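In this chain, numbering begins with 1 at the start of the sequence shown. Since we're looking at a predicted model, the values are computed, not measured.
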Amino acid sequence: LSLMLTELLKLSLMLTELLKLSLMLTELLKLSLILTELLKLSLIDTELDKLSLILTELLKLSLIDTELLKLSLILTELLKLSLIDTELLKLSLIDTELLKLSLMLTELLKLSLIDTELDKLSLMLTELLKLSLIDTELDKLSLMLTELLKLSLIDTELLKLSLIDTELLKLSLIDTELLRLSLIDTELLKLSLIDTELLKLSLIDTELLKLSLIDTELDKLSLIDTELLRLSLIDTEL
């Protein structure tokens with residue numbers, strides 16, 4: 001019985017050992033479960049790291065988008081500047097056309113002056129023709145006077161001659177009046193020339209005013225160009 005008891009004791013001890021082993025196994029199982037949880041947490045951490053990397057990439061892409069927006073704004077400004085340059089080119093072409101027109105106007109004024117000179121010459125020619133006709137008439141009258149002198153014995157012819165003398169006096173008076181009128185005509189022509197010169201000066205003044213206005217517009221455009229350049233420099237510095 002004692003031996004049996006000892007055996008039973010041994011068995012009980014073994015059972016206790018087995019129980020301890022089972023407890024240890026449960027603990028090991030718990031530890032394995034904890035390890036699995038830790039592994040899951042590490043996987044979650046890796047996923048979080050991946051998400052953080054994705055977020056950083058998205059932030060980089062947003063920064064790239066902002067840079068692209070800045071570049072698009074710069075491109076629009078450059079397009080505006082190119083349009084302003086085209087407008088300036090158009091204005092320069094308008095200036096050249098205005099210069100051409102001014103040259104044409106000067107040529108036309110020269111031609112008008114030439115026309116006035118030709119008119120003067122034509123008037124002088126007409127006056128010379130009139131004088132030549134008067135000379136011919138005077139020659140005729142002198143011939144008539146010679147004939148009348150030959151017929152000086154006849155009283156009637158002398159009376160006729162006296163009448164002819166009076167007519168000649170009248171013609172001389174008419175000639176003086178004609179000369180006075182011709183002088184008046186020359187003065188009127190001079191006044192018309194002065195009027196044409198005044199018209200030319202007024203036209204030149206108007207053209208100068210137009211050019212000054214165009215110059216002011218060009219100055220405004222140049223100021224706009226400088227402001228745009230300053231803004232572009234500020235944008236680049238930013």
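Other residues sharing the hydrophobic cluster of Leu208, ordered by chain and number and joined by side-chain separations under 4.5 Å: Ile204.
Ile74 is connected to Leu228 through a chain of hydrophobic side-chain contacts under 4.5 Å among Ile, Leu, Val, Met, Phe, Trp and Tyr, so both are in one cluster.
Listed by chain and number, the residues in a side-chain hydrogen bond (donor to acceptor under 3.5 Å, both in side chains) with Glu227 are Arg230 (sequence neighbours excluded). Qualifying side chain to side chain contact (heavy atoms under 4.5 Å, CB included) partners for Thr106, counting only residues two or more places apart in sequence or in other chains: Leu103. Residues passing the side chain to side chain contact (heavy atoms under 4.5 Å, CB included) test with Leu28 are Leu25, Leu31, sequence neighbours excluded.
Within the structure, every pair that satisfies the side-chain hydrogen bond (donor to acceptor under 3.5 Å, both in side chains) test and touches residues 190-208, not counting sequence neighbours, is listed here: Glu197-Lys200.
To the nearest 0.5 Å, atoms NZ (Lys120) and CD (Glu127) are separated by 14.5 Å. Interatomic distance, OG1 of Thr116 versus CG of Leu121, reported as 9.5 Å (0.5 Å rounding).
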